[in-house]
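All values below were derived from every heavy atom in this structure, side-chain atoms included, with hydrogens, water molecules and symmetry-related copies excluded.
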Amino acid sequence: MNLAGLSLRDLEYVVAVADEGHFGRAAERCNVSQPTLSVQVRKLETALGLTLFERSNRRVLLTEAGQAIIRQARVVLSDAQRLLALASEGRGSPLTGRLVLAAIQTLGPYFFPLVLRPLREQYPLLMLSLSESRTAEIVEGLRDGRIDAALISLPLPLHGLAVAPLFVEPFWLACPAEHALARGGALSASEIAGPDLLLLDEGNCLRDQAIAACGAGSSVGRHATSLETLRSMVAAGAGYTLLPALAVPSSPDPTGLTVTRAFDVDGPGRTIALVWRASDPRAAGLANLAAFFRAHAPPGTAACRDGNAGA
């Protein structure tokens with residue numbers, strides 16, 4: 001096989017199958033019929049002399065050879081997209097085309113609904129593909145080209161990444177209505193370091209921030225896999241936890257089981273930033289996207305000035 005027989009479109013097909021684990025969903029993603037996609041994938045496998053996918057009636061799995069091919073296909077497609085982006089940036093165009101935007105799991109479900117309408121109005125030619133994951137997985141996706149930009153919480157490893165702080169999001173206390181912390185004057189973070197502190201599982205940045213905020217040991221408290229599970233544990237009387245401001249309900253708990261309280265002026269919080277590869281030729285457009293997010297900092301947060309962390 002020579003380069004003349006290698007199509008970028010075919011690479012898009014096999015990457016879509018690898019991502020979706022299903023030929024039908026991959027075809028929908030690529031806007032082609034399933035038979036067309038299946039035929040092209042078979043042709044590529046024949047040309048390469050390799051079987052990329054293990055097929056069955058129930059699932060599609062990458063073979064060992066397929067894993068190496070897909071990794072390189074992602075690199076080739078990423079470079080091709082950069083070529084097109086360079087041309088667009090050279091014409092002074094705003095962000096257009098497909099942009100894979102990820103967010104940490106404790107932010108995405110609460111922030112995306114607030115900004116999607118103005119974002120689509122500001123960038124009508126931008127086709128967003130949204131996802132959520134943990135910080136380490138997002139950084140890995142940024143570095144290997146699967147993710148174009150991400151909304152994450154600082155700090156993080158900066159090598160090869162451009163970071164634009166957007167806003168500071170305070171933490172709130174959520175506790176059972178009958179708990180002693182549900183009442184009193186100004187609340188400080190040091191008051192919540194105790195055995196009743198509920199945390200997210202290992203690997204979640206909010207867990208580490210909660211521990212650092214109150215000076216608790218890393219083994220303290222019980223654990224949950226999501227903010228919603230933490231909220232349910234609080235309602236069940238299992239303990240109390242920290243919630244990011246955007247995850248705090250806008251009205252009192254209708255069941256009367258939980259209370260949320262703000263901390264004093266020096267209370268804990270986190271800085272949310274937009275991050276992308278420093279080598280991305282769309283850097284100017286992504287910096288403008290960061291300015292857009294900063295200008296639309298949600299109520300209850302403090303926008304960072306000129307891209308620097310802080311209010």
Side-chain angles (χ1 to χ4, degrees), residues 1-88 93 95-103 105 108-109 112 116 119-120 123-134 136-150 276-277 279-282 285-286:
M1 183 179 186
N2 56 38
L3 288 177
L6 184 61
S7 164
L8 290 176
R9 187 61 169 158
D10 289 344
L11 295 184
E12 287 184 324
Y13 291 160
V14 295
V15 167
V17 174
D19 287 345
E20 302 295 337
H22 190 277
F23 277 82
R25 290 194 296 270
E28 291 178 5
R29 169 170 152 178
C30 296
N31 294 315
V32 296
S33 68
Q34 182 173 338
T36 296
L37 181 139
S38 297
V39 167
Q40 291 305 117
V41 171
R42 284 288 190 190
K43 285 183 178 179
L44 181 61
E45 288 179 315
T46 299
L48 293 173
L50 297 171
T51 299
L52 304 181
F53 301 104
E54 179 185 334
R55 300 159 171 87
S56 72
N57 291 332
R58 299 183 59 185
R59 59 183 180 175
V60 177
L61 298 175
L62 273 172
T63 63
E64 184 175 353
Q67 292 174 9
I69 294 297
I70 292 301
R71 280 196 299 270
Q72 190 60 37
R74 294 188 193 279
V75 173
V76 173
L77 290 173
S78 177
D79 286 343
Q81 290 170 347
R82 290 177 185 176
L83 184 149
L84 295 177
L86 277 171
S88 177
S93 302
L95 286 175
T96 60
R98 186 168 183 259
L99 183 79
V100 180
L101 178 65
Q105 295 166 322
F112 283 147
L116 282 180
L119 183 61
R120 294 183 64 181
Y123 295 94
L125 301 180
L126 188 62
M127 295 179 291
L128 282 173
S129 177
L130 304 179
S131 64
E132 297 169 9
S133 192
R134 295 187 177 189
E137 295 163 346
I138 288 175
V139 171
E140 181 182 353
L142 282 167
R143 296 196 191 282
D144 67 21
R146 288 180 291 114
I147 295 173
D148 298 316
W276 62 91
R277 289 180 300 280
S279 60
D280 196 315
R282 298 169 294 178
L286 291 166

Quick one: closest heavy-atom pair of Arg25 and Glu20, and the distance? NH2-O, 2.8 Å
Spatial distance of atom CG (Leu95) from atom CE (Met127) [nearest 0.5 Å]: 12.0 Å
Salt-bridged, Glu12 to Arg9, with N to O below 4.0 Å? yes
Which atoms form the tightest heavy-atom contact between Gly145 and Arg277, and what is the distance? CA-NH1, 3.6 Å
Strictly by side chain to side chain donor-acceptor pair (under 3.5 Å), give each pair with a member in residues 66-76 just once, sequence neighbours left out. Asp19-Arg74
Quick check: closest heavy atoms across Val14 and Leu11, and the distance to 0.1 Å? CG2-O, 3.2 Å
Taking the side chain as every heavy atom from C-beta outward, state whether Tyr123 and Leu128 have any pair of such atoms under 4.5 Å apart. no
Look only at the side chain of Asp148 and the backbone of Val100, and say whether a donor-acceptor pair between them is shorter than 3.5 Å. yes
Shortest non-hydrogen pair, Ser133 vs Ile138, comes out as O-CD1, 3.6 Å
Minimum heavy-atom distance between Gln34 and Gly24, given as atom pair plus value: OE1-CA, 3.4 Å
Would you sort out whether Val15 and Arg146 count as a side chain to side chain contact (heavy atoms under 4.5 Å, CB included), showing the intermediate values? CA-CA 10 Å; Val15 167; Arg146 288 180 291 114; over 6 Å; no
What I'd like to find out is whether the side chain of Glu45 reaches to under 4.5 Å of the side chain of Thr63, using heavy atoms alone. no
If we only count heavy atoms from C-beta on, is the Leu6 to Leu44 side-chain gap below 4.5 Å? yes
Residue pair Phe23 / Val17, side-chain heavy-atom distance below 4.5 Å: yes
